[in-house]
**Q** 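Structure incoming, see below.
Sequence lines set the chain letters: A, B, ... in the order given, protein chains first and strands last, and positions in each chain run from 1. All of these numbers come straight from a predicted model, not from anything done at the bench.
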2 protein chains.
Amino acid sequence: MRSISQRPDLYCINTATLGFKTSLSEIIDECAKRGIAAISPWRKELEESRPQDILRKLKDCNMSISGLCRSTYYTAPNQTEREAAINDNRKALDLAAELECSCYVQVVGGLSGYSKDLEDARSQVKKGIQQLLEHSRQVGVRIALEPLHPMTTADRSCLSSLRQALDWCDELDPDGYYGLGVAVDVYHVWWDPDLYSQIKRAGKRILAFHASDWLVPTTDLVNDRGMPGDGVIDIPLIRSWVEEAGFNGLIELEIFSHNNWWNKKIASTLDVSIERMSKFC
Amino acid sequence: MRSISQRPDLYCINTATLGFKTSLSEIIDECAKRGIAAISPWRKELEESRPQDILRKLKDCNMSISGLCRSTYYTAPNQTEREAAINDNRKALDLAAELECSCYVQVVGGLSGYSKDLEDARSQVKKGIQQLLEHSRQVGVRIALEPLHPMTTADRSCLSSLRQALDWCDELDPDGYYGLGVAVDVYHVWWDPDLYSQIKRAGKRILAFHASDWLVPTTDLVNDRGMPGDGVIDIPLIRSWVEEAGFNGLIELEIFSHNNWWNKKIASTLDVSIERMSKFC
């Protein structure tokens, strides 16, 4: 297991952590000042700038983009909307390629409309992913399936466990030709009794490792994540498993925190982030 | 699959549904009036009455108790407290026997104190259950392991999936000598991609079937459950799987609803319960 203490060159900041209130350009400057290796931005943030300008700025700062966040939901009430989502995700793969992102992160969608048909939702997602694999290979951006916490199954992600994500990888890309893989976010998977065995099974399919902490009590199903050290997740243990499985990429901090971190100045959050990632990841 | 429409003789009301504001005696009267077969009460409610009085009243009403709720958490910061919890659960088994309950429902506890050691918490629970198996057999009350939703892993239940519950059954009671089994609560397990296979695997180990609905959005991790029909769970589908696996017991309604159902009069909640269980379970 790598020592990552005071190694911002091994850290990535998912821009969600900073509350979507600062331009990408300013975020890159603040991260560069601190020697942080990469960011994972959100597509909506990229609408404000030309991709080539962002890429140039990153290169000037010796930084890069890790994952591009995130897919348009694949689940929708009808075929027309599902096809529109796939087309949208195809364009996002092009954008990710232009930005030289290492992967395109998938949050796949939950039940659409008033549906109770979870099996159908899952089937919609698999069909959508399948239609993007060839394009993903062609543009050289790997698709990272991110299982989300089961508390988001209804409205955000019917992909609910690492086992399920790996089952989909095996089904859609059995020999790894398309590079289909997974993003392991400790917040979403830490509770899983099968986590060790599934991380081991994932092996080289692990394309990203995200950290944040589970607060007790948790007061919101989406926006109450904690900074590493403030909660109960044994992040170093899970990182050791991921690295044992072969992952040697960046450690990415991704915190949604409506009432706490998003209210702070980004310089302060970045300083605390480096300290906490050093100690608790 | 059984038809349960307008069959209150197949329904059980978990008294939590009624908000803990009415005496057991009054609850029994109101349920009896409507032909409901059974209740599942909480231990704290039984402290107000003598068990033999409750049992006599139930028999007079041609009713029974399904599961006794619920175990004292097995996880604790030290050995003394863990032993105290086991002793407490042993006494609860005696109470359940006196009340002729069909099972004793286990909510096992999460991480204790400031621990991040989830594996240790799970080991504490298994050791606790193991020490109660012989007593459970002797008094004739089966222990029902209830996996809770993964969003409760930190503070309520480190038993987080049906697969894990069945793994524990296989480990602690491989040949079924002690009658160790599981409670399947749709609210806790509906998201699980392996639900069908694990229910099939459970077979005769299924001791209880609990219903409520997942609301979108859900605003609280514990007390925002919905009445069947108000959310997105396909309860009849899961019931069909449970019955295909051999379960032919009561359908139990268990709703924690701080801001909605708990504010209503229990007569009204019971009337709506029968209607909704008829239509949506």
**Q** Taking side chain as everything from C-beta outward and backbone as N, CA, C, O, which of these in A:Leu118 sits under 4.5 Å from a heavy atom of chain B? Side chain, backbone, both or neither.
**A** side chain
**Q** Does the distance from a Lys or Arg side-chain N to an Asp or Glu carboxylate O, for A:Arg201 and A:Asp194, drop under 4.0 Å?
**A** no
**Q** Do B:Arg122 and B:Asp167 meet the salt-bridge criterion of a basic N to acidic O distance under 4.0 Å?
**A** no
**Q** Select, from B:Thr153, B:Leu111, B:Asp117, the one with the greatest count of heavy-atom pairs under 4.5 Å involving chain A.
**A** B:Thr153
**Q** Is any NZ, NE, NH1 or NH2 atom of the basic residue among A:Asp173 and A:Arg142 found under 4.0 Å from an Asp or Glu carboxylate oxygen of the other?
**A** no
**Q** What is the ring orientation for A:Trp191 with B:Trp191, classed by angle as parallel under 30°, tilted 30 to 60°, or perpendicular over 60°?
**A** perpendicular
**Q** If we define contacts as heavy-atom pairs under 4.5 Å, which of B:Thr218, B:Asp220, B:Val222 has the most with chain A?
**A** B:Thr218
**Q** Please walk me through it: do B:Gln124 and B:Tyr74 pass side-chain contact (heavy atoms from CB on, under 4.5 Å)?
**A** CA-CA 7 Å; B:Gln124 289 175 26; B:Tyr74 292 88; 5.6 Å; no
**Q** Let's test your reading of the structure: which of B:Asp155, B:Leu221, B:Leu237, B:Val216 forms the most heavy-atom pairs below 4.5 Å with chain A?
**A** B:Leu221
**Q** Under 4.5 Å from any heavy atom of chain A, what part of B:Val232 do you find: side chain, backbone, both or neither?
**A** both
**Q** Of the listed residues (B:Leu215, B:Thr219, B:Asp234, B:Leu159), which shares the most heavy-atom pairs with chain A below a 4.5 Å separation?
**A** B:Asp234
